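Working notes for the structure below.
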Amino acid sequence: DKPLPKPETIFIDKRNAHAELKNENSFRFLAHGSITGIDTLLDNLVVNKLAKLSNEMDINIFTDNIDKKLREKITKNYIVGYEGYSITRFKNSSFIKLDNSKGGIRQTDYNQWIWLLDTVKNIDSDSLFVILPKPLNFTDKLEEKLFLDTFKKLKEEKNIDIWIFTNGNSKDFKVEAQDGIRIVKLKSYPTHNNIDIWNDIRYMVFTVNDGYVTYEIKNVYEKTRDRK
């Protein structure tokens, strides 16, 4: 008899859950990949909806460039992981923006590494969100390992809840756990015209409670049930 194939391991993430805001340090933020190519009537309707959702949040994250039409409509703070590096502190959390658009941190701007190592050494936050405009797939695999090891060490030493956000594709959002660090691939807005508004247009909401982070993947447009 042939051996039975091993069943696929299904990752059920306990962090994928709704959570209420618990105190004055709690907050929520919307997260999405790049949003570009806004040129049709549907695109503009979606931008209006996403802007409304963003303005209901405390802060917003976009891993890559977003269309000017959306920028102009967002009134709340937002971080775009596109060009340059910086740190933003919000309540008891920190948001680090890095640029890997040329295949890695060093290849894009080696000064980022010097700045990053100094920044994480002095960081004092309950949770940390790292934002990259491109996937976590460096040309130099040793640099990619060093990048991940830097945050693994930080988590071990300071017990910080660490999340790394990268720009993904236009298909869906994806969350993976590696040694206690969660890597989030954020869906980009679809650039094709054959869009299924019920399934293709989604976003993520993160809730931060005293360093404990949970998330939900939501549809921008919800189907309403027929009433009898």
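From a predicted model like this one, the values you see are computed outputs, not experimental measurements. Position 1 is the first residue of the sequence, and the numbers go up from there. As a basis for the values below, the full set of heavy atoms in this structure was taken, side chains included, without hydrogen atoms, waters or symmetry mates.
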Handout entry: Option passing side-chain contact (heavy atoms from CB on, under 4.5 Å) with T214 (candidates T207, D13, V208, N209)
Key =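 Only one option passes, and that is T207.
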Practice task
Taking the side chain as every heavy atom from C-beta outward, state whether N100 and T166 have any atom pair closer than 4.5 Å.
Solution key: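 They are not in contact (no side-chain heavy atoms under 4.5 Å apart), so the answer is no.
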Are [Y] and [X] co-members of a hydrophobic cluster defined by side-chain heavy atoms under 4.5 Å apart?
X: Y85; Y: Y78; result: no
X: V80; Y: L53; result: yes
X: V130; Y: L117; result: yes
X: I131; Y: V175; result: yes
X: Y82; Y: V47; result: yes

Practice task
Return yes if some donor-acceptor pair links the side-chain N/O of K91 with the main-chain N/O of S26 below 3.5 Å, else return no.
Solution key: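 At least one qualifying donor-acceptor pair exists.
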Exercise for the section: Using atom types as modelled and distance alone, determine if a side-chain donor or acceptor of R182 lies under 3.5 Å from a backbone N or O of I164. Expected result: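 Not confirmed, R182 side chain does not pair with I164 backbone.
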Check this for me: does any side-chain nitrogen of one of [X] and [Y] sit under 4.0 Å from a carboxylate oxygen of the other?
X: D161; Y: R15; answer: yes
X: K153; Y: E156; answer: no
X: K52; Y: E56; answer: yes
X: K152; Y: D179; answer: yes
X: K22; Y: E20; answer: no

Exercise for the section: Please state whether the rings of F147 and F151 are parallel, tilted or perpendicular, taking 30° and 60° as the class boundaries. Expected result: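 Perpendicular.
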Practice task
Could you tell me whether K174 atom NZ has more than 12 heavy atoms of other residues or ligands within 6.0 Å of it?
Solution key: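 No - once you tally the heavy atoms of other residues, nucleotides and ligands closer than 6.0 Å, there are 12 at most.
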Practice task
Check whether more than 12 heavy atoms from other residues, nucleotides or ligands sit under 6.0 Å from atom CG of N122, and answer yes or no.
Solution key: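 Yes, CG of N122 has more than 12 neighbouring heavy atoms, counting only those of other groups under 6.0 Å.
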With distance as the sole criterion, is a donor-acceptor pair present between the side chains of [X] and [Y] under 3.5 Å?
X: S188; Y: N167; result: yes
X: D210; Y: N23; result: yes
X: S93; Y: S127; result: yes
X: Y189; Y: D43; result: yes
X: T36; Y: N65; result: no
X: E222; Y: W198; result: no

Problem - Listed once per pair and sorted, the salt bridge (charged side-chain N to carboxylate O under 4.0 Å, His left out) pairs that draw on residues 96-108, sequence neighbours left out - result: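 Those involving residues 96-108 are R106-D140.
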[atom2] on [Y] to [atom1] on [X], rounded to 0.5 Å:
X: I162; Y: L128; atom1: CD1; atom2: CG; value: 5.5 Å
X: L50; Y: I74; atom1: CG; atom2: CD1; value: 8.0 Å
X: L116; Y: L146; atom1: CG; atom2: CG; value: 9.0 Å
X: L70; Y: N48; atom1: CG; atom2: CG; value: 9.5 Å
X: K76; Y: M57; atom1: NZ; atom2: CE; value: 9.0 Å
X: S101; Y: D64; atom1: OG; atom2: CG; value: 8.5 Å

Problem - Any pair counted as ring pair (Phe, Tyr, Trp, His ring centres under 6.0 Å), so long as it reaches residues 34-65, sequence neighbours left out - result: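 Those involving residues 34-65 do not exist here.
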Exercise for the section: Kindly state each residue pair satisfying ring pair (Phe, Tyr, Trp, His ring centres under 6.0 Å) with at least one member in residues 26-54, sequence neighbours excluded. Expected result: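 Residue pairs with at least one partner in residues 26-54: F27-F90, F29-F95, F29-F129, F29-F206, H32-F173.
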Practice task
Check salt bridge (charged side-chain N to carboxylate O under 4.0 Å, His left out) between K145 and all other residues, then give those that pass, not counting sequence neighbours.
Solution key: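 Residues passing salt bridge (charged side-chain N to carboxylate O under 4.0 Å, His left out) with K145: D149.
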Practice task
Go through D172 and R202 one step at a time and tell me if the salt bridge (Lys or Arg N to Asp or Glu O under 4.0 Å) criterion holds.
Solution key: CA-CA 8 Å; D172 210 347; R202 311 176 83 192; 3.0 Å; yes
Problem - Partner set under side-chain contact (heavy atoms from CB on, under 4.5 Å) for K68, not counting sequence neighbours - result: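 For K68, the residues satisfying side-chain contact (heavy atoms from CB on, under 4.5 Å) (neighbours in sequence not counted) are E72.
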Problem - Residues that K158 engages under side-chain contact (heavy atoms from CB on, under 4.5 Å), provided they are two or more places apart - result: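 I123, L154, I160.
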Shortest non-hydrogen contact from [X] to [Y]?
X: N55; Y: K73; answer: ND2-O, 3.1 Å
X: E216; Y: N16; answer: CA-OD1, 4.1 Å
X: G103; Y: T108; answer: N-OG1, 4.4 Å

